[in-house]
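As structure tokens, the structure follows; a few thoughts come after it.
Note that ligands are numbered from 1 as they come in the structure, with each ligand's atoms numbered from 1 the same way. If you read the sequence from its start, that first residue is 1, and numbering goes on from there.
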Amino acid sequence: MATTSTTSFRSVTLDAPLPLDSGRELAGVQVAYETAGELAADKSNAILIFHALTGDQFVVGQHPVTGKPGWWERMVGPGKPIDTTRYHVICANVVGSCMGSTGPASLGADGKPYAMNFPVITIRDMVRAQMMLLDALGIETLHAVVGGSMGGMQALSCAANFPDRASRVLAIATTARHSAQNIAFHEMARQAIMADPNWRGGDYYDGQSPDKGLAVARMAAHITYLSEEGLTEKFGRRLQDRDAKSFGFDADFQVESYLRHQGLSFTDRFDANSYLYITRAMDYFDLAEEAGGLLADAFVGAKETRFCLVSFDTDWLYTTADMREVVHALNAVAAPVSFVELSAPYGHDSFLLDVPALDQVVTGFIA
Ligand SMILES: CC(=O)SCCNC(=O)CCNC(=O)[C@H](O)C(C)(C)COP(=O)(O)OP(=O)(O)OC[C@H]1O[C@@H](n2cnc3c(N)ncnc32)[C@H](O)[C@@H]1OP(=O)(O)O
Ligand SMILES: N[C@@H](CCO)C(=O)O
């Protein structure tokens, strides 16, 4: 994806510059968003869904770039756990991304893509932009904020920094800070992008984009989204379209072919510089650090908020132990919190897949 898509996205332009944690500010920020379901007259039924690293605002309906169904069709819609006959669902593309919100591929004041002149952003900056979107939409208090993975980080950040904006917080398969291992995987991915000769210091928008580097970055990341059990069940050591090993470096194994496909198809929908900036935001995420060292202090303003936290037993990226730390912090400030570890074979990406127990938890909590 060398340039921003020509598809026009529904968006608002923020009427004030976006203040950033780095101390910089970003003027003229566009926030692209989608909605589903009617907003009640008293505006009390809005749910803000935060998307994950490579997600976007297209939670439901056909995606305008990939042509695929929305990423949370199984969870959101009429009669679904987040029932759009009852709730008005909003999802915005995070600042720094590439599906219509301002990011490194957007044009700066000089009429050129920001590229690496784009400021480093944080999870809190992403949330701040979405709170400004809510202001523009005239929505003060949300029925709930919901998110998985990086979406869960935004949900926790929202509770910590904007506790009056949401009555309920549902955070799934997430963490309150990136671990050394999490940062290590992201750094490997970033180096793969930067090592691609087409990256050219980020100034590739007028030519070939660093698709090879981005594909390798996605391949490595994708492994962390799955479980060993899931990979073994899906592919085992089975060979791809052949009866014998090639004694070469073709994709002999199905799992190799699968990963190559995941890597390549990703480059059709994502901008490499956005990948650098968003992974950086995730690496910088540390709610305890933001609060001066104690995680519980991050949530002192959120005692009236109801929390539901969900982890998956096969998620080795953001583990049940990570989630328990958040639960303990919420307990310490006496915030009402329920927590469940669900059993699912798919690893971290379980929140996107068919896990009926998750549907039940979401249904119960949202209602
Ligand atoms: C919160 C958010 O915003 S999340 C949004 C992020 N979106 C994504 O991450 C989407 C990309 N990720 C995926 O598709 C993830 O694999 C999942 C976990 C979400 C989907 O899982 P599943 O439905 O189990 O799909 P699976 O992992 O098997 O992948 C299917 C794809 O692999 C391809 N594939 C499967 N086996 C092979 C193989 N042996 N060789 C080549 N390709 C293969 C399929 O053809 C299919 O391709 P397509 O997606 O282009 O149609
Ligand atoms: N697979 C999802 C979740 C990653 O945390 C994504 O690519 O955004």
Side-chain angles (χ1 to χ4, degrees), residues 34 48-60 63 65-76 82 89 91-94 96-99 101 123 126 145-155 170-175 178 182 185-186 189 214-215 217-227 229-231 233-242 250-270 274-275 278-279 281-283 285 310-312 314-318 322 344-355 358 362:
E34 289 292 321
L48 179 62
I49 297 182
F50 295 114
H51 69 72
L53 166 55
T54 76
D56 52 43
Q57 64 272 40
F58 298 102
V59 178
V60 290
H63 195 286
V65 173
T66 66
K68 291 188 172 176
W71 59 266
W72 230 12
E73 291 273 358
R74 58 165 290 101
M75 194 61 76
V76 180
I82 299 177
V89 171
C91 186
N93 189 218
V94 298
S97 189
C98 51
M99 212 52 77
S101 288
I123 297 293
M126 295 173 183
V145 290
V146 179
S149 196
M150 189 184 85
M153 295 176 198
Q154 292 170 78
L170 173 54
I172 309 167
T174 192
T175 180
H178 244 211
N182 297 149
F185 275 114
H186 276 177
L214 181 60
R218 180 62 167 179
M219 288 168 77
H222 196 71
I223 298 166
T224 71
Y225 304 151
L226 310 174
S227 68
E229 179 190 346
L231 276 179
E233 187 177 315
K234 212 172 210 168
F235 306 112
R237 291 182 51 82
R238 285 187 291 281
L239 299 179
Q240 178 74 32
D241 301 330
R242 68 199 68 203
D250 255 11
D252 278 2
F253 293 99
Q254 285 183 6
V255 68
E256 294 175 300
S257 166
Y258 169 75
L259 275 184
R260 288 183 190 191
H261 175 79
Q262 291 292 342
L264 265 182
S265 56
F266 182 58
T267 64
D268 293 337
R269 70 176 178 91
F270 217 79
S274 282
Y275 201 84
I278 297 177
T279 54
M282 294 171 80
D283 290 349
F285 186 60
V310 182
S311 69
F312 295 101
T314 50
D315 184 350
W316 53 275
L317 192 64
Y318 305 136
D322 294 329
Y346 314 114
H348 174 67
D349 265 351
S350 293
F351 73 99
L352 297 168
L353 293 166
D354 182 17
V355 180
L358 177 64
V362 175

Step by step, work out the salt bridge (Lys or Arg N to Asp or Glu O under 4.0 Å) result for Arg269 and Asp56.
CA-CA 10 Å; Arg269 70 176 178 91; Asp56 52 43; 5.1 Å; no
On a heavy-atom basis, I'd like to know which of [options] is closest to [atom].
{"atom": "atom 9 (O) of ligand 1", "options": "Met75, Met150, His222, Arg218", "answer": "Arg218"}
{"atom": "atom 1 (C) of ligand 1", "options": "Phe50, Phe58, Trp72, Trp71", "answer": "Trp71"}
{"atom": "atom 7 (N) of ligand 1", "options": "His51, His348, Arg269, Gln262", "answer": "Arg269"}
{"atom": "atom 27 (O) of ligand 1", "options": "Tyr258, Tyr225, Phe270", "answer": "Tyr258"}
{"atom": "atom 47 (O) of ligand 1", "options": "His63, His261, Gln57", "answer": "His261"}
{"atom": "atom 51 (O) of ligand 1", "options": "Arg238, Gln254, Lys68", "answer": "Lys68"}

Whether over 12 other heavy atoms sit under 6.0 Å from Arg237 CZ
no
What protein heavy atom sits nearest [atom], and how far off is it?
{"atom": "atom 5 (C) of ligand 1", "value": "Gly55 CA, 3.6 Å"}
{"atom": "atom 41 (C) of ligand 1", "value": "Ser257 OG, 3.2 Å"}
{"atom": "atom 18 (C) of ligand 1", "value": "Asp349 OD2, 3.5 Å"}
{"atom": "atom 39 (N) of ligand 1", "value": "Gln240 OE1, 2.8 Å"}
{"atom": "atom 22 (P) of ligand 1", "value": "Leu353 CD2, 3.9 Å"}

Identify the protein atoms, limited to N or O, that lie within less than 3.5 Å of an N or O atom of ligand 2, and list each pair with its distance to 0.1 Å.
residue	atom	partner	partner atom	Å
ligand 2	1 (N)	Asp349	OD1	3.0
ligand 2	1 (N)	Asp349	OD2	3.2
ligand 2	5 (O)	Ser149	OG	2.5
ligand 2	5 (O)	His348	NE2	3.1
ligand 2	7 (O)	Thr54	OG1	2.7
ligand 2	7 (O)	Arg218	NH1	2.8
ligand 2	7 (O)	Arg218	NH2	3.4
ligand 2	8 (O)	Leu53	N	3.4
ligand 2	8 (O)	Thr54	N	2.9
ligand 2	8 (O)	Thr54	OG1	3.2

For atom 44 (C) of ligand 1, is there a protein heavy atom at a distance under 4.0 Å?
no
Should Pro69 and His63 count as side-chain neighbours, where that means a heavy-atom distance under 4.5 Å?
no
Could you list the atoms of ligand 1 found under 4.0 angstrom from a heavy atom of [X]?
{"X": "Lys234", "value": "24 (O), 26 (P), 27 (O), 28 (O)"}
{"X": "Leu352", "value": "1 (C), 4 (S), 19 (C)"}
{"X": "Thr54", "value": "6 (C)"}

Classify the side-chain pair His348/Ser149 by whether it contains a donor and acceptor separated by less than 3.5 Å.
yes
Listed partners of His178 passing ring pair (Phe, Tyr, Trp, His ring centres under 6.0 Å), at least two apart:
His186, Tyr318
Leu53 and ligand 1 - part of the residue with a heavy-atom distance under 4.0 Å
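Leu53 to ligand 1: no contact under 4.0 Å from either part.
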Within reach of ligand 1, part of Phe351 (heavy-atom separation under 4.0 Å):
side chain
Does His222 use its side chain to pair, donor to acceptor, with the backbone of Leu259 at less than 3.5 Å?
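A pair under 3.5 Å: no.
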When the ring planes of Phe266 and Phe270 are compared, do they come out parallel, tilted or perpendicular, using 30° and 60° as the limits?
parallel
